[in-house]
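For ligands, and for the atoms within them, numbers begin at 1 and follow the listed sequence.
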Amino acid sequence: MTEVVHTPRVFSGIQPSGGLTLGNYLGAIKRFVGMQNQGIETIYCMVDLHAITVWQDPEKLRHATRELCAGYIAAGLDAEKSILFNQSQVAAHAELGWIFSCVARMGWLNRMTQFKDKAGKNREKVSVGLYSYPTLMAADILLYHATHVPVGEDQKQHVELTRDIAAKFNHDYKVDFFPITEPVIEGEATRVMSLRDGSKKMSKSDPSDKSRINMTDDADTIAGKIRKAKTDADALPSEVEGLKGRPEAKNLISIYASLSDTTMANVLSDVGGKQFSEFKPMLADLAVSKLSPIADEMARLMQEPDEIDAILRKGADKARAIADPILAQTKDILGMVR
Ligand code: AMP
Ligand code: TRP
């Protein structure tokens with residue numbers, strides 16, 4: 001078997017299942033922009049088919065999809081440089097998702113921690129889609145032969161499953177067709193934690209709004225949430241070692257580092273010895289200066305929903321031009337007549 005060298009191509013997605021958080025921004029969108037500007041081919045999706053694994057109000061789904069697109073653009077993605085589209089406009093995702101549900105094994109899906117977290121004790125009552133979610137995610141990625149997937153730490157296991165699916169498909173059909181995709185989990189804030197509880201991920205689904213910073217929060221709200229963020233009573237250390245066992249302090253320092261494009265070590269060399277009462281206003285000022293322009297631009301873009309829809313339609317056309325031939329080749333490999 002000759003080894004196929006796949007040209008670098010980036011794919012990632014975010015669910016339009018609520019507003020964007022600082023976790024999405026630092027863990028994902030900032031990386032999306034960085035990769036776009038490295039001149040690599042980049043494809044960024046609003047994964048609405050994933051969002052409906054839990055019930056979504058149709059009006060809210062429409063709004064969240066447009067708002068996510070506005071967030072992508074406001075944060076620096078450019079529809080001329082990256083392909084931006086919503087998943088449901090490209091039917092090939094669902095088709096390849098089905099094919100992969102016949103490649104993935106039950107045992108593999110049974111190990112997925114996101115499913116365990118989301119289903120909780122309610123396993124019998126959650127949708128079948130919530131369980132098979134990672135096979136659709138593998139389809140998203142492999143439909144474009146994507147080689148790199150920028151994500152937050154929480155998605156690592158799903159990208160590993162994608163690699164297993166690609167490898168099993170290639171092995172079972174004696175081809176070297178799908179690439180073995182690399183997760184790209186980079187930066188100082190790959191897992192932004194809740195502002196109320198340093199052991200929980202910052203999430204758009206947390207019932208407490210105070211636990212997260214939303215990309216649409218205004219300056220006062222951001223400053224207020226940071227002022228009230230949970231901390232301990234000690235002064236900040238001067239070295240990263242000193243953050244051990246202090247998850248809330250580590251979280252705020254990592255947010256500061258990521259927002260200012262530097263390392264935690266650099267931040268601590270400046271702020272070591274300070275009390276939180278002094279550090280929190282610095283963090284609030286930084287967060288407001290970075291996030292407010294994005295929020296303003298999102299609000300402006302949301303005034304023109306037709307323009308957003310046109311961007312998504314155009315993006316979907318470009319996505320289909322890549323995806324459809326790969327799906328057709330997949331069907332040939334499987335022995336499906338067309
Ligand atoms: P989701 O909102 O679950 O669709 O996640 C979209 C992207 O944001 C994925 O790449 C996640 O890994 C990333 N992400 C979500 N929450 C966080 C967080 N608290 N810290 C870092 N990355 C996150
Ligand atoms: N599962 C991802 C999340 O919840 C969203 C997602 C769907 C995704 N398809 C993807 C991320 C493909 C990267 C690549 O965050």
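- For ligand 2 and Val149, the ligand atoms under 4.0 Å from any heavy atom of the residue are 13 (C), 14 (C).
- Ring pair His158/Tyr133: centre-to-centre distance below 6.0 Å.
- Atoms of ligand 2 lying under 4.0 Å from at least one heavy atom of His50, given by number and element, are 7 (C), 9 (N).
- Nearest protein heavy-atom neighbour of atom 1 (N) of ligand 2: Tyr133 OH, 2.7 Å.
- With a 4.0 Å cut-off on non-hydrogen atoms, Ile141 touches ligand 2 through its side chain and not its backbone.
- Between Arg212 and Asp206 there is no salt bridge, since no side-chain N of the basic residue sits under 4.0 Å from a carboxylate O of the acidic one.
- Of the listed options Gly13, Ala146, Ala28, Gly13 places a heavy atom closest to atom 8 (C) of ligand 2.
- Atoms NZ and OG, on Lys230 and Ser194 in that order, are 9.0 Å from each other to the nearest 0.5 Å.
- Asn266 and Tyr256 share no donor-acceptor pair across their side chains, judged by distance under 3.5 Å alone.
- Where the criterion is an N or O separation shorter than 3.5 Å, residue side chain and backbone included, Gly23 meets it with respect to ligand 1.
- Protein heavy atom nearest atom 2 (C) of ligand 2, with residue, atom name and distance: Gln155 OE1, 3.3 Å.
- In this structure, the separation between CZ on Arg163 and CG on Leu161 is 11.5 Å, given to the nearest 0.5 Å.
- Set against the non-hydrogen atoms of Val47, the atoms of ligand 2 under 4.0 Å away are 7 (C), 9 (N).
- Under the 30°/60° scheme for interplanar angles, the aromatic rings of Phe279 and Phe276 are found to stand perpendicular.
- Shown in contact with Gln15 at under 4.0 Å from a heavy atom are these atoms of ligand 2, numbered in order with element: 4 (O).
- In the vicinity of Ser12, heavy-atom distances shorter than 4.0 Å reach the ligand 2 atoms 11 (C), 13 (C), 14 (C).
- The backbone of Thr190, and not its side chain, has at least one atom closer than 4.0 Å to an atom of ligand 1 (non-hydrogen atoms only; backbone = N, CA, C, O).
- Side chain to side chain, Ser82 and Thr42 meet the donor-acceptor criterion of an N or O pair below 3.5 Å.
- When hydrogens are left out, the protein atom nearest atom 9 (N) of ligand 2 is Asp140 OD2, 2.7 Å; that is the closest non-hydrogen contact.
- The N/O atoms of Gly152, backbone and side chain alike, include one that comes under 3.5 Å of an N/O atom in ligand 1.
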Please walk me through it: do Met137 and Val47 pass side-chain contact (heavy atoms from CB on, under 4.5 Å)?
CA-CA 9 Å; Met137 176 160 161; Val47 290; over 6 Å; no
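- With a heavy-atom cut-off of 4.0 Å, Lys204 touches ligand 1 through its side chain alone.
- A distance of 6.0 Å or more separates the ring centres of His6 and Phe178.
- A salt bridge links Lys225 with Asp209: the closest approach of a Lys/Arg side-chain nitrogen to an acidic carboxylate oxygen falls below 4.0 angstrom.
- With a 4.0 Å cut-off on non-hydrogen atoms, Asp154 does not touch ligand 2 at all.
- Near Ala28, meaning under 4.0 Å from any of its heavy atoms, are these atoms of ligand 1: 7 (C), 8 (O), 10 (O).
- At under 3.5 Å, a nitrogen or oxygen of Gln15, whether backbone or side chain, sits near a nitrogen or oxygen of ligand 1.
- Salt-bridge check for Asp324 with Arg320: failed, with every basic side-chain N at 4.0 Å or more from each acidic carboxylate O.
- For Tyr144 and His93, the distance between ring centers is under 6.0 angstrom.
- Of the N or O atoms in Lys201, none lie within a sub-3.5 Å distance of an N or O in ligand 1.
- When only interatomic distances are considered, the shortest N/O to N/O separation between Asp154 and ligand 1 falls below 3.5 Å.
- Side-chain atoms of Gln114 and Asp117 form no donor-acceptor pair, as typed in the model, at a separation below 3.5 Å.
- Between Met202 and ligand 1, a contact under 3.5 Å exists for at least one N or O pair.
- Among the atoms of Thr21, none of the N or O lies under 3.5 angstrom from an N or O of ligand 1.
- Ligand-side atoms of ligand 1 in range of Gly27: 21 (C), 22 (N), range being under 4.0 angstrom from any heavy atom.
- Under the 4.0 Å criterion applied to side-chain N and carboxylate O atoms, Arg66 and Asp309 are assigned as salt-bridge partners.
- The closest protein non-hydrogen atom to atom 5 (O) of ligand 1 is Asn24 ND2, 3.4 Å.
- Nearest non-hydrogen protein atom to atom 20 (N) of ligand 1 is Val192 N, 2.8 Å.
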